[in-house]
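Take a look at the structure below.
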Protein chains: 2
Amino acid sequence: MHEINAEELLLKKGVKPTPQRVVITQYLLSTHSHPTADEILDEVKNALPVSLSRATVYNTLKTLVEAGVIQEVVTEPGRSRYDANVSDHHHFVDTETGAVFDIPAEVITPVRATLDERFKVDGYKVVFFGRRQD
Amino acid sequence: MHEINAEELLLKKGVKPTPQRVVITQYLLSTHSHPTADEILDEVKNALPVSLSRATVYNTLKTLVEAGVIQEVVTEPGRSRYDANVSDHHHFVDTETGAVFDIPAEVITPVRATLDERFKVDGYKVVFFGRRQD
DNA sequence: TCTGCAATTAGACTAAGTCTAAACTTGTAA
DNA sequence: TTACAAGTTTAGACTTAGTCTAATTGCAGA
Ligand SMILES: [Mn+2]
Ligand SMILES: [Mn+2]
Ligand SMILES: [Zn+2]
Ligand SMILES: [Zn+2]
């Protein structure tokens, strides 16, 4: 089992690994829950030694997205979620709980679209919705 | 060419056709631009005889979504867009301008997913992203 | 050690959306 | 025709997610 090191990851992506950036990255690497900025602030502030302001959480998330360390995921109106899984994947949203699950690109059929030639498609995202049992 | 009547549509869907609801519905039927609540308020307030408050715009949009007259579309963080096209369709987002275009379900290949049996899928939405030329 | 820039901070601010309590509208019954 | 009830609209207060600002802190290089 290979353990991912947040600090090494930041260095590899060209982001200076400050303590705040490291703990936010560690937290995102440790969970599959697609947390919101507010959930990240609560978790990291309460569990870790470094002080952390709201502005730093938002600054850091923007920096990490721009560097390709994490991605922003929008599954519901009103707030963004963040995801350290930057592999090619899609999402399943439980419509009762709002929980978000990863769906690897390999387990779905590729989407082919016959569009007007003026549409230059760079990519696509699929969001499945339904219930996840248990 | 068949012209859709907002008032008849509301009656058919069981929504009392008040003047405010009618003009909002008319505006949404008249555009393909997937406007935000604020854009709807600006358009309808300036161009139409009836007075209109922000609360009514939000109340009406919620009522129309619940009745199946329109749908809410989330393509970007921070705000919802509204769509009188309730046929089965997906969206293309121009990543430069933010413009949203309809993609009928028939022009894409159906998405088949091989998922853990605990996922009970009710449906899915595809968002394409790229540039739309001209 | 000094210096300068990047990063962090608290809190003011903005924007999208919700809530509340009062006023208005409409239908129905006395 | 008036009275009432239920549903709708309203202005504006409020909440929440996110941004901005100006001051402070941390740190790498000279
Ligand atoms: Mn994951
Ligand atoms: Mn359309
Ligand atoms: Zn994910
Ligand atoms: Zn649409």
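Numbered from 1 within each chain, the chains take letters A, B, ... in sequence-line order.
- For the OP1/OP2 pair of C/dA7 and a distance below 4.0 Å, the side-chain nitrogens and oxygens of A/Arg21 include at least one atom meeting the criterion.
- The interatomic distance linking B/Glu76 (CD) with C/dA15 (P) rounds to 15 Å, in whole Å.
- Looking at B/Lys62 and B/Glu72, no side-chain N of the basic residue comes within less than 4.0 Å of a carboxylate O on the acidic one, giving no salt bridge.
- Judged by distance alone, the side chain of A/Thr60 and the main-chain N or O of A/Thr56 form a donor-acceptor pair under 3.5 Å.
- Two rings, from B/Phe119 and A/Phe101, have their centers less than 6.0 Å apart.
- Within the structure, a side-chain polar atom (N or O) of B/Ser53 is placed less than 4.0 Å from OP1 or OP2 of D/dT10.
- Remark: C1' of C/dA23 and CD of B/Gln20 are 13 Å apart, rounded to the nearest angstrom.
- Following rounding to the nearest Å, A/Lys62 (NZ) and C/dT8 (P) show an atom-to-atom distance of 14 Å.
- Atom C1' of nucleotide D/dT19 and atom CG of A/Asp38 are separated by 15 Å, given to the nearest angstrom.
- Mapping B/Pro19 and B/Ala55 onto DNA chain C via the closest heavy atom, the residue that lands nearer the 5' end is B/Ala55.
- Distance, A/Glu66 CD to C/dA7 P: 12 Å, rounded to whole Å.
- Remark: the A/Arg54 side chain and the C/dG11 base include no donor-acceptor N/O pair separated by less than 3.5 Å.
- In this structure, the CG atom of A/Leu10 is 12 Å from the P atom of C/dA7, given to the nearest Å.
- Looking at B/Asp94 and B/Arg132, no side-chain N of the basic residue comes within less than 4.0 Å of a carboxylate O on the acidic one, giving no salt bridge.
- Looking only at side-chain heavy atoms (C-beta outward), A/Asp102 and A/Asp83 come within less than 4.5 Å of each other.
- Nearer to the 5' terminus of DNA chain D, by closest-nucleotide assignment, is the contact made by B/Thr18 (compared with the other of A/Lys16 and B/Thr18).
- Dashed line: the shortest gap from a side-chain N or O of B/Tyr58 to OP1 or OP2 of C/dG17 is under 4.0 Å.
- B/Ser80 comes within contact range of the sugar-phosphate backbone alone, with a heavy-atom separation under 4.0 Å but no base atom that close.
- Side-chain N/O atoms of A/Ser51 include one lying less than 4.0 angstrom from OP1 or OP2 on C/dT9.
- Taking atom NZ on A/Lys45 and atom C1' on C/dA10, their separation rounds to 12 Å, with Å as the unit.
- If you find the closest nucleotide of DNA chain C to B/Asn59 and to B/Arg79, the one lying nearer the 5' end belongs to B/Arg79.
- Closest to the side chain of A/Thr60, from the set C/dT8, D/dT10, C/dG17, is C/dT8.
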